[in-house]
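Source: prediction; values computed, not measured.
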Amino acid sequence: MPITSQWWTFSDGMISSDREEAGVYELGNDSGTVVYIGSSNALRRRLKEHLDESGTTCIKKNTKKYRLEYVSKYKERERELYDEHVRINGKPPICNDMRP
């Protein structure tokens, strides 16, 4: 089952309101297509790291939205989301260069 929370604007103001807890996240483009699936034991910190990436990384170029899910078994949930994305779309999100 995919993350069911709503998409939020990928901005410092929005990320600052997130909790610093373990979980998974999906980054999306303008149309809500998932471009990256990730997880962290500190979601707010990790999302800010992505936001602050310099240059022209895939994530920096393509991400406009994000959604997240707080979950203690975040690595297992990340793998589940990744595998489901590949099953449905036939390939990984464009900014995931390797399987979690």
- Item | Linked, directly or transitively: V24 and V34 (ILVMFWY side chains, under 4.5 Å) | yes
- Task: Hey, could you give me the CD1/CZ distance between I15 and R46, rounded to the nearest 0.5 Å?
- Result: 11.0 Å
- Rounding to 0.5 Å, atoms CG (L68) and OG (S39) come to a distance of 12.0 Å
- Message: Going by salt bridge (charged side-chain N to carboxylate O under 4.0 Å, His left out), name the residues that satisfy it together with E76, two or more places apart in sequence or in a different chain.
- Response: none
- Task: Please answer: with hydrophobic residues joined when any side-chain heavy atoms are less than 4.5 Å apart, are Y36 and L81 in the same cluster?
- Result: no
- Any chance you could measure E53, atom CD, to T63, atom OG1, to the nearest 0.5 Å? 8.0 Å
- Identify the two heavy atoms, one from S40 and one from A42, that lie closest to each other, and give their separation to 0.1 Å. OG-N, 2.9 Å
- Of the non-hydrogen atoms in Y74 and A22, which two are nearest, and what is the gap between them? CD2-CB, 3.5 Å
- With the 4.5 Å side-chain cut-off for hydrophobic clustering, are I37 and I94 part of the same group? no
- CD1 on I88 to CG on D83, rounded to 0.5 Å: 11.0 Å
- Note on the structure: Nearest heavy-atom approach of N41 to R45 is OD1-NH2, 3.4 Å
- Joint hydrophobic cluster, Y25 plus W8, side-chain heavy atoms closer than 4.5 Å: yes
- Query: Which atoms form the tightest heavy-atom contact between P92 and N96, and what is the distance?
  - Reply: CB-O, 4.3 Å
- Item | From E49 atom CD to I59 atom CD1, the distance as rounded to the nearest 0.5 Å | 10.5 Å
- side chain to side chain donor-acceptor pair (under 3.5 Å) contacts touching residues 64-73 (sequence neighbours left out): D18-Y66, E26-R67, E69-R77
- Verdict with reasoning, N62 to C95, per side-chain contact (heavy atoms from CB on, under 4.5 Å): CA-CA 8 Å; N62 292 289; C95 297; 4.0 Å; yes
- Query: How many angstroms lie between atom CG of L27 and atom OG1 of T33, to the nearest 0.5 angstrom?
  - Reply: 13.0 Å
- Query: Any chance the rings of F10 and H50 have centres within less than 6.0 Å?
  - Reply: no
- Please list, chain by chain and in numerical order, all residues satisfying side-chain contact (heavy atoms from CB on, under 4.5 Å) with S16, sequence neighbours excluded. D12, K48
- Query: So if you build clusters from Ile, Leu, Val, Met, Phe, Trp, Tyr with side-chain heavy-atom gaps below 4.5 Å, do V35 and V86 land together?
  - Reply: no
- N29 side-chain N/O to S31 backbone N/O, donor-acceptor pair under 3.5 Å: yes
- Please lay out, stage by stage, how R19 and L43 fare under the test side-chain contact (heavy atoms from CB on, under 4.5 Å). CA-CA 7 Å; R19 299 190 310 253; L43 281 176; over 6 Å; no
